[in-house]
Amino acid sequence: MLQTAQRQSKTKKPKTALPHERFLEAFRWMLLARTLEEKLVSLYRGGLITGGVYIGKGQEAVSVACGLFLKKGDIFAPLIRDQAGRSAFGEPLLDVTRTYLGSRLGPMRGRDGNIHRGRPQESQLAMVSHLGAMISVTVGALMSKRFKGEKGFVGLACIGEGGMQAGAFHEGMNIAAVEQVPLVIVATNNHYAYSTPNDREFACHDLVDRAIGYGFEGYSLDGTDLGACLEVIGGAVKRARAGRPPQLVVASVLRLSGHGEHDDASYVTEEIKREPFACDCLKVAEQTIADLKLVDGETLAEWRKEAATKVDEAIATAQQEAPPEGDKEDWCAISMRNLVDSPE
Amino acid sequence: MLQTAQRQSKTKKPKTALPHERFLEAFRWMLLARTLEEKLVSLYRGGLITGGVYIGKGQEAVSVACGLFLKKGDIFAPLIRDQAGRSAFGEPLLDVTRTYLGSRLGPMRGRDGNIHRGRPQESQLAMVSHLGAMISVTVGALMSKRFKGEKGFVGLACIGEGGMQAGAFHEGMNIAAVEQVPLVIVATNNHYAYSTPNDREFACHDLVDRAIGYGFEGYSLDGTDLGACLEVIGGAVKRARAGRPPQLVVASVLRLSGHGEHDDASYVTEEIKREPFACDCLKVAEQTIADLKLVDGETLAEWRKEAATKVDEAIATAQQEAPPEGDKEDWCAISMRNLVDSPE
Amino acid sequence: MSITYLEAIREAQAKLLRDDKRVFIYGQDVGGTFGGAFKATKGLAKEFPGRVLNTPISEDAMVGTAIGAAIEGMRPIVEMQFADFSSIALNQILNNAGTHYWRTNMPVPITVRLPSGGTKGSGPFHSQSMESIYAHYPGLIVMTPATVEDAYTMLIEAVAIDDPVVYCEHKYLYYHLKADKLPTEGLPTGKARITREGRDLTIVSYSAMVHEALAVAEQLAPEGSEIEVVDLRSVKPLDTDTVLASVARTGRLLCVGESFPWGGVTAEVIARVTAEGFHLLDAAPQRINAKDTPIPYHPNLWSAHRPSAKEIARKARALLRE
Amino acid sequence: MSITYLEAIREAQAKLLRDDKRVFIYGQDVGGTFGGAFKATKGLAKEFPGRVLNTPISEDAMVGTAIGAAIEGMRPIVEMQFADFSSIALNQILNNAGTHYWRTNMPVPITVRLPSGGTKGSGPFHSQSMESIYAHYPGLIVMTPATVEDAYTMLIEAVAIDDPVVYCEHKYLYYHLKADKLPTEGLPTGKARITREGRDLTIVSYSAMVHEALAVAEQLAPEGSEIEVVDLRSVKPLDTDTVLASVARTGRLLCVGESFPWGGVTAEVIARVTAEGFHLLDAAPQRINAKDTPIPYHPNLWSAHRPSAKEIARKARALLRE
Ligand SMILES: Cc1ncc(C[n+]2csc(CCOP(=O)(O)OP(=O)(O)O)c2C)c(N)n1
Ligand SMILES: Cc1ncc(C[n+]2csc(CCOP(=O)(O)OP(=O)(O)O)c2C)c(N)n1
Ligand SMILES: [Mg+2]
Ligand SMILES: [Mg+2]
């Protein structure tokens, strides 16, 4: 599969990978994520998915950069719009399709759904819905690695501008700085928390100004520009890994979908759609590829086809798999069976 | 009583009160608070107080400035080290002694103790222990006033540098900015949260740098300098009242007591005791009075005596009052009697 | 005309905003043209400018702000996007709102709306029923309306009550439940309703489970069993008298709740009935709750996790045989 | 030699730090020369450098950090300064730690220590018993040791358990309770103890209230009443079998808990006993809890608020007469 192949090639690659190679690699993950999510949306419209579908359209450039610079052993705490980053980090496509399509073989086995999936065993944390809560969890995972004497690791946690207003986010960010763990927080300001525009979310001029108040290093970012995402987020990861203080990156984009696919996003104003940050990062990246002639149109078409094939395969596999069944389920919330309580 | 007299004089005073008058007025509140708290400490040592005694020694200059610029109708949310501010705001001494000495006539009627007292009916909020929680309550009170069409009011909420790390504080501060209410937050960094020094509390260079990330205006302050406290906090109150964005003032002091009187504070380092912020603000103010010859020694001695008399009276009164009794208590947690639930 | 449970909640809020200047609505996405994740405030921001306000994702501050506003005379309604997120506001609800009257003699009339309970595909963090946690602590009224009419009148009453009210509205009922019209009056808070009369077994329930209980009662009627269904309406105060009177008639008690099994409403009802009405019981009182695991996402698991009419019928039959 | 309940907790932590490299202690003021608000970690920071860490006032992050550390292989012990402040960490405890194994198949072995329960002059926010809230939600073990020996062995076991444990230690017992020495072994978690045998009445209790129950048992013995006292030790899992076996012997049940009266441990015990052991009961099971108000500050009010030996004796006598 693509992700396996590329992950290997990533670690094998000489340290001075050509920026263009990185750019193209990232682009392909973005393409895969977009293809996958478009497919999920059409399944959703066809009534084939239970629960919500939440996609990262317009945020793939930021997200892919979050996953791309992490190595085995690093900690990744993605959120709901991080398909590109999850794939780049190494999440198999089957984890996605199995979760959305309700296969009992998925990582959450039908117990949790859609974007809540994760594999903490492989350092991809499984988010709870409560926004902000995963920051301190990432801090703890990093402390653990330090306790165990590991070196050179880093953690990256994603957040939206909405989630940044949650108390848990504040406590997590502050404790990261107190513990001086190698954490990168990538905040994506997509200008809405569900239907709520920025002016009812916060009142500071720029959210990156939060960094100084915690002792983080802060960077702003045009999230529609893949090159910038790779440079800024890659740089933050590098600095955290090298022992610099925790890093905050704030990217500006527009969410190019509803909050979830149930949402027509009619509250998004026409005015904001004309803002520069409203560009589609995938199209911008494609334009860059064309302008710089990084690859030709034929290759692009091939990549597109390849992505579609992989997505179709992963969906077909998951669709053939049995769902979980209530009467076969192991109804036990704890791992130590001898301690199970059994009230009526 | 002193506080009543002075409060009246405060409102009657021409707008251009001489700074010296304000300084002396503030000094007398500080003196009263110090006298009261020293007395409470000695009662505590004599085993005459149930529960803890938490004093504001070393923080009176900051605290008094918090209470002094508020008028009737303003909202005040003091915390545990704000005796000076509470008195200056208009809290009767009897509220304090009745609460500490367990009179049933106190504002909390024996239901809550020591620094938890308040009179929300008179806009002095009664704190819960959970630090940070009172910020948003103050915001709500201010919104209410705006809803009701009131004008020219302001709210002031106190916090320690420790409480600033609580999630509730963050949410409260942010929502204040979103709602653009006339709020002043006065944060006193006394360099310890209980036994925990600053380096395990936060990692930014200066907590005033938090302001910009919320859209607050931020000011730093030497909290040992009464003149500076009056100027900076008075200025913040004036700006908030005039419709400027919410204000954050961060004062630097050293807590000149244990966390509570049960605590010998042996963890406070000798080094920190030699820092400039370790001065006793009361002594500094007294020195200023002497240096500038604002009043003579005799007057000072008289003021001291007056404070002692008032404190003694308030204690004597409270001591004669009956405590609450379990069998006479109204054991009802809600105001609407017809809705009382009565499980066993 | 027909009106859903959700529309009743919207209408109640419209009426409250219309009739009482002290009322405002505060919550994530409640304002603008959007009107809330479930549209319970749809159109209200436009109709009542400045009184239906979007908030940041800050549940603690949302409730704290409401408390402060109530102290200064307003009657805020706070909408949690899902009951599950009220865990973030729990400290303000329990320790600030719940204790305020006791401490200061000043009640805080806030209403916190919790879109509660399970629906298909919602998973562990968008399905919870938290009434038992709020009822455990002193100082709060906890409402759990099961009908369109109650959804309407109880929300109006919640705002009228001077004490803090946790109003648990069931998401499954939002669209599933319809009434012909809205009532002008309802039962008073704290009074349970005998939704269906019967002489053989009392099923005590509340919120969505009332309808499962009713279905079972219908199902067992042809077998000659007459099941009485009691809808608690509010779990705090809990109307012990009505429950006891019913058990006095039937001699048999089954409690059904959708929440987790340890503690909670069903345990509380049984403890009260056995303490005060032990002699009334002809058989051991029984209860049915959800399973003791988080609420699963997959519909197959979800429907096995929550109490079902099938399970209720099985247990009811067993009880009737005893 | 004699050792207090508090010292037992300190000794258990010292042993854990000594024996297991994965253990670290995380909480406000636990480190430095200070050793915690109650000195439960006194001296440990010095003895185990870098493993007893002060935290900011950030209960949510304290537990979140512990969860992350546990996911990556550590065994953190989190000290809340008072149980009451765990309301801030409740979301992490219930929704993150409590669900993690169910969701991901990976347990999170954290231990959260809650200094719980009432003492004189502590008031509404430094006196709470929160075991019923944590036991209500799935996924957690909730321990409530009542003796010095249990305080010691159960804390050691708590850290050994792969699942999240909420360890409720009672502040009133800290200094009041002494033992001659520490045991090397204890009863397994989930097993209740018959603290005193009797044939006439079973009093089920846990934590500090066990000692009130014992006092009443002593007091009533000369009257010819033999009271059996069951100490639950952990309220989740709750040892229904031991309770039922005791009720089978005595035919009478009184449950005593210090927490608020609505729901909670005493209701849960009664619901279980009546559901499974209805025929064993010769009289209506009864319960005693604290009153349904916040916990008062003044000693006069506080001692009237919590269950007292006097009240227990009164109710026990009434039950014995039935
Ligand atoms: C604590 C909490 N409150 C409410 C919600 C419900 N909720 C889910 S997503 C969302 C909006 C999130 O906005 P943002 O953080 O900006 O992320 P975006 O969806 O824009 O990517 C809300 C309110 C939640 N998940 N957590
Ligand atoms: C949320 C919360 N956690 C813990 C406590 C216990 N506690 C009471 S005072 C205190 C230290 C407060 O430090 P700071 O805010 O700096 O105020 P100071 O005492 O220094 O004035 C702590 C930890 C609390 N009150 N609230
Ligand atoms: Mg957003
Ligand atoms: Mg401090």
Side-chain angles (χ1 to χ4, degrees), chain A residues 49-52 99 102-104 106 108-114 116 127-133 160-170 192-197 199-203 259-260 262-263 265-267 323-334 340-344, chain C residues 27-37 53-61 81-82 84-89 91 119-126 255 260-264 266-267 270 285-306 308 315:
Chain A
I49 283 172
T50 315
T99 305
S103 157
R104 74 152 59 117
M108 313 309 276
R109 299 156 295 154
R111 293 174 173 193
D112 207 344
N114 50 53
H116 293 93
M127 62 178 275
V128 294
S129 294
H130 301 72
L131 291 166
E161 89 293 344
M164 286 182 81
Q165 316 316 324
F169 178 79
H170 166 74
Y192 286 91
Y194 209 151
S195 76
T196 301
D199 68 348
R200 291 293 302 168
E201 299 191 77
F202 57 85
H259 173 63
H262 58 280
D263 170 25
S266 54
Y267 47 80
E325 297 295 345
D327 52 6
K328 290 185 207 132
E329 183 64 22
D330 181 21
W331 294 103
C332 185
I334 58 173
V340 171
D341 186 45
S342 37
E344 266 298 295
Chain C
Q28 290 152 26
D29 302 298
V30 296
T33 55
F34 191 63
L53 299 172
N54 281 351
T55 64
I57 303 177
S58 301
E59 282 81 5
D60 185 284
Q81 197 146 83
F82 286 80
D84 317 49
F85 298 124
S86 75
S87 54
I88 310 291
N91 183 60
T119 50
K120 255 200 288 188
S122 296
F125 309 120
H126 292 75
C255 297
F260 300 122
W262 194 106
T266 58
I270 291 180
Q286 301 290 340
R287 58 185 163 147
I288 302 179
N289 295 297
K291 292 198 198 307
D292 194 26
T293 71
I295 301 144
Y297 161 78
H298 196 284
N300 289 354
L301 300 184
W302 175 67
S303 55
H305 183 268
R306 78 195 282 256
S308 62
K315 213 144 193 168

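Numbered from 1 within each chain, the chains take letters A, B, ... in sequence-line order.
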Do the non-hydrogen side-chain atoms of [X] and [Y] ever get within less than 4.5 Å of each other?
X      : Y      : value
A:F169 : C:I57  : no
C:W262 : A:D341 : yes
C:Q28  : A:Y194 : no
A:R111 : C:P294 : no
C:D29  : A:Y192 : no

- Go through C:G32, C:S122, C:S58 and name the one with the most non-hydrogen pairs under 4.5 angstrom from chain A. C:S58
- Top of C:P299, C:G123, C:A61 for chain A proximity - count of heavy-atom pairs under 4.5 angstrom: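 The residue among C:P299, C:G123, C:A61 with the greatest pair count is C:P299.
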- Nearest heavy atoms of C:Y297 and A:T99, plus distance in Å: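 Looks like CE2-O, 3.8 Å.
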- Where is the tightest heavy-atom contact between C:L53 and A:R200, given as atom of each residue plus distance?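 What the structure gives for the nearest pair is CB-NH2, 3.7 Å.
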- Query: Would you call the rings of A:H116 and C:H126 parallel, tilted or perpendicular, where under 30° means parallel and over 60° means perpendicular?
  - Reply: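 The arrangement is perpendicular - the two ring planes meet at more than 60°.
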- Query: What distance separates C:D292 CG from A:C332 SG, expressed to the nearest 0.5 Å?
  - Reply: 9.0 Å
- Task: Supply the atom-to-atom distance A:S266 OG to C:F34 CZ, rounded to the nearest 0.5 angstrom.
- Result: 8.0 Å
- Query: What pairs with C:N300 under side-chain contact (heavy atoms from CB on, under 4.5 Å), at least two apart in sequence or on another chain?
  - Reply: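 Listed in chain order: A:P323, A:E325, C:H298.
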- Message: What part of A:S103 gets within 4.5 angstrom of chain C, counting heavy atoms only: side chain, backbone, both, or neither?
- Response: neither
